[in-house]
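The structure appears below as structure tokens.
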Amino acid sequence: MKQRVLSGMRPTGKLHLGNFSGALENWKRLQETYECFFFVADWHALSTDYAKTSDLRENVHLMLVDWLAAGLDPRKSTIFIQSYVPEHAELHILLSMITPIPWLERVPTYKEQQQELKDKDLSTYGFLGYPLLQSADILVYKADYVPVGIDQLPHLELTREIARRFNHLYKPVFPEPQPLMTEFPKIPGTDGRKMSKSYSNAIYLSDTREVVWEKLRTMVTDPKRIKRSDPGDPEICPVYGLHRVYSPQDIIKQVDVGCRTAGIGCIECKQWLNTALTEKLEPIWERRSRYLNDFSLVKGIAEAGAKRAREAASSVLAEVRAAIGL
Ligand code: TRP
Ligand code: SF4
């Protein structure tokens, strides 16, 4: 029996290289060894964006398209949309009965997000319950491992606490899921800050060849390297930061030396990066165009995924109901 991996993402729309190398490349590897469940967390999106749902459907669809383009394989992984699997909601309500409110109030993201997203009224029941819904997402499959970023560790800790409390109150139903932390490369954006949708510094999987080159061409470099003859410091240059993730070793070395000795120019350096990135993106572009143009193909994959997910989730729920005495 393969061990189970589960992870989800809120539907933030199209994915950039930071999402790709931070999460998806890892998911892609995991699907080779584990039984994987990957879902688009559309209910979680509602917890902060309940007042603006006009682009929700499109964002869910674009996320699925990008996942498939990135190489998640529906023959290997179960890929689905959270709201297609109502079992998550049933477990959520059952877990809510045994969850002390202070456990939720002390999850760091609760107060942080309320501070950060001041323009939204987040004094809602659903927003407080965000991490508990996440616990239900995980426990409803008895997942062994959850690949997540460091910011999600408190949510996983809560999930383990809830699992223990349930097992103690009723019967030992749930294993305690473990985080799968991998060393993610830091992906700089075109301005040198962390790549992020909200900084407008991102390179998207959906960017065309021309757009990618335009973004690289105009990328900031070592600001002290003004003339071609000025030596530069690759360590402070985001172009080098991207080389380190996407270029082969010998090119990285040539950039490092060439930059410090003014042996290469920035445009040449960016052209090399463009070559490496294009090579990485080509298969993604190819798959992406296929999925983007075939709405019913993507819909079919999500529906088949939901069916498989529901089978797995409903057998766990049967145990849960019996353990509680429903
Ligand atoms: N909260 C996660 C995030 O913001 C998304 C998520 C929802 C998730 N449910 C999950 C991640 C279950 C892992 C497991 O990234
Ligand atoms: Fe950056 Fe490359 Fe120019 Fe050096 S040569 S400053 S690494 S773009």
Side-chain angles (χ1 to χ4, degrees), residues 1-10 18-41 43-44 67 70 72-73 76-80 82 85 87-88 90-92 94-96 98-100 102-104 106-110 112 129-186 305 308-320 323:
M1 271 285 278
K2 282 185 183 176
Q3 290 192 298
R4 264 190 196 165
V5 160
L6 170 128
S7 201
M9 262 185 220
R10 277 171 300 163
N19 310 124
F20 176 67
S21 299
L24 280 171
E25 286 203 299
N26 187 34
W27 291 11
K28 246 169 82 171
R29 269 193 303 277
L30 293 170
Q31 71 182 353
E32 303 301 330
T33 22
Y34 295 95
E35 185 190 3
C36 289
F37 292 83
F38 298 121
F39 69 97
V40 182
W43 281 335
H44 277 108
W67 283 7
L72 285 195
D73 184 345
K76 294 177 182 161
S77 298
T78 300
I79 299 167
F80 63 101
Q82 187 182 33
V85 184
E87 284 78 4
H88 292 221
E90 184 177 343
L91 184 58
H92 177 233
L94 294 174
L95 296 179
S96 79
I98 66 166
T99 304
W103 288 18
L104 297 174
R106 70 167 194 241
V107 173
T109 43
Y110 180 59
E112 277 165 25
Y130 182 113
L132 188 64
L133 178 57
Q134 183 164 350
S135 302
D137 296 337
I138 297 166
L139 295 175
V140 84
Y141 301 101
K142 294 191 181 177
D144 299 291
Y145 296 106
V146 185
V148 283
I150 197 157
D151 59 311
Q152 296 289 312
L153 288 183
H155 293 176
L156 223 65
E157 184 55 40
L158 176 79
T159 305
R160 283 194 298 274
E161 279 173 322
I162 301 284
R164 283 196 289 273
R165 187 163 165 92
F166 184 99
N167 293 346
H168 170 76
L169 280 168
Y170 306 114
K171 284 195 179 106
V173 171
F174 296 120
E176 289 182 30
Q178 300 303 317
L180 260 189
M181 299 283 292
T182 31
E183 278 304 315
F184 296 139
K186 286 239 176 325
R308 288 221 308 259
R310 291 195 72 174
E311 280 164 18
S314 57
S315 85
V316 175
L317 263 175
E319 269 184 78
V320 168

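In this chain, numbering begins with 1 at the start of the sequence shown. Fair warning: this is a prediction, and the values are worked out from it, not measured in the lab.
Annotation for K2 and T33: closest pair CD-O, 3.8 Å, computed over non-hydrogen atoms. Considering every non-hydrogen atom in both P179 and L153, the closest pair reads CB-CD2, 3.7 Å. Here the closest non-hydrogen pair linking E87 and V140 is O-CG2, 3.9 Å. When all heavy atoms of A312 and F37 are compared, the closest pair comes out as CB-CZ, 4.0 Å. Closest approach of P177 and T159 over heavy atoms only: CG-CG2, 3.7 Å. Closest approach of T78 to G305, counting heavy atoms only: CG2-O, 3.2 Å.
Looking only at distances, no side-chain donor or acceptor of S77 sits under 3.5 Å from a matching main-chain atom of Q31. Judged purely by atom type and a 3.5 angstrom limit, S21 has no side-chain atom pairing as donor or acceptor with the backbone of G18. A distance-only check finds a donor-acceptor pair linking the side chain of H44 to the backbone of Y130 [under 3.5 Å]. Using modelled atom types, no side-chain atom of K142 and backbone atom of V316 make a donor-acceptor pair closer than 3.5 Å. A donor-acceptor contact shorter than 3.5 Å is absent between the side chain of E90 and the backbone of L317.
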Can you check side-chain contact (heavy atoms from CB on, under 4.5 Å) on V85 and F39, steps first, answer last?
CA-CA 10 Å; V85 184; F39 69 97; over 6 Å; no
Test side-chain contact (heavy atoms from CB on, under 4.5 Å) on F166 and V320; report intermediate values, then the result.
CA-CA 9 Å; F166 184 99; V320 168; 3.8 Å; yes
Given side-chain contact (heavy atoms from CB on, under 4.5 Å), test W43 with H92 step by step and report yes or no.
CA-CA 12 Å; W43 281 335; H92 177 233; over 6 Å; no
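One distance of note links CH2 of W103 with CD1 of I162; it measures 5.5 Å at 0.5 Å rounding. Taken to the nearest 0.5 Å, the CG atom of L180 stands 5.5 Å off from the OH atom of Y34. Taking CD1 of I79 as the start and CG of D73 as the end, the distance is 7.0 Å to the nearest 0.5 Å. With values rounded to the nearest 0.5 angstrom, R165 atom CZ is found 11.0 Å from L95 atom CG. Here the CG atom belonging to L24 is positioned 11.0 Å from the CZ atom belonging to R29, to the nearest 0.5 angstrom. In this structure, CE in M181 is found 10.5 Å from CG in N26, a value given to the nearest 0.5 Å.
With a 4.5 Å cut-off on side-chain heavy atoms, S135 and L158 count as touching. Proximity of W27 to P147: side-chain heavy atoms (C-beta onward) are separated by under 4.5 Å at one or more points. Using a 4.5 Å cut-off on side-chain heavy atoms (C-beta onward), L133 and Q82 make contact.
Among L6, L30, V5, the one residue that satisfies the side chain to side chain contact (heavy atoms under 4.5 Å, CB included) test with Y145 is V5.
We find that E157 and R160 are joined by a salt bridge, their nearest charged nitrogen and carboxylate oxygen being less than 4.0 Å apart.
Here the two rings, on Y141 and H88, have centers that are under 6.0 Å apart.
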